[in-house]
Amino acid sequence: MMVLTLKDFEQTYFYKTELIQLCKVYGLPTYGTKAELNKYLTLYLSGTPACDIKVNRKHTTSRNKTKITLETKILGEGFSFNQEARKLFAEYFGKEEFSFKKEMVVRDLLERY
């Protein structure tokens, strides 16, 4: 098995399914958003033991979710890089599909944590 370094991880784009597999390999939580999985792996590759990496997510119901609009702050509370956001941006830009780039999610994580 190839050893993954933090530098290699930060410079490589991973799909969510690949992040889940990496989390399984390293004994990290395997559920959550793509941004959360990236956070777990970044912490682990930065030296945090796997047993110390816990899910901090609070369970929310659909009633508690913030409906996103074009006025929703991307950096900060109420926004998630999810299917609802991809749909909103695809409609706004007149595209069939919209996807976020790793740099967008990493910037968001750095702002939040």
All N/O donor-acceptor pairs, side-chain side in residues 43-53, below 3.5 Å, sequence neighbours left out:
from	atom 1	to	atom 2	distance (Å)
Ser46	OG	Thr42	O	2.7
Thr48	OG1	Leu43	O	3.3

Next item on the list: First locate atom CG of Leu37, then atom CG of Leu22, and finally report the distance between them rounded to the nearest 0.5 Å.
Entry: 9.5 Å
Check: Counting distance only, does the side-chain N/O of Glu18 pair as donor-acceptor with the main-chain N or O of Tyr15 below 3.5 Å?
Finding: yes
Check: Between Phe9 and Phe14, does the ring centre distance come in under 6.0 Å?
Finding: yes
Item checked: Side chain proximity check, Asn82 to Thr33, heavy atoms < 4.5 angstrom -> no
Notebook entry, point to check: How are the rings of Phe89 and Phe93 set relative to one another: parallel (under 30°), tilted (30 to 60°) or perpendicular (over 60°)?
Noted result: parallel
Margin query: Using the side-chain hydrogen bond (donor to acceptor under 3.5 Å, both in side chains) criterion, which residues pair with Gln83? Sequence neighbours excluded.
Written below: Arg86
Margin query: Tell me if a side-chain donor or acceptor on Lys34 pairs with a main-chain N or O of Thr17 at a distance below 3.5 Å.
Written below: no
Check: Could you give the distance from CD (Gln11) to CG (Leu6), rounded to the nearest 0.5 Å?
Finding: 9.5 Å
Margin query: If you compare all heavy atoms of Glu97 against all heavy atoms of Ala90, which two are closest, and at what distance to 0.1 Å?
Written below: C-CB, 4.1 Å
Checklist line | Lys16 side, atom NZ; Asn38 side, atom CG - distance, nearest 0.5 Å | finding: 11.0 Å
Checklist line | Side chain proximity check, Tyr40 to Val55, heavy atoms < 4.5 angstrom | finding: yes
Notebook entry, point to check: Atom NZ in Lys39, atom CG in Leu19: separation rounded to 0.5 Å?
Noted result: 14.5 Å
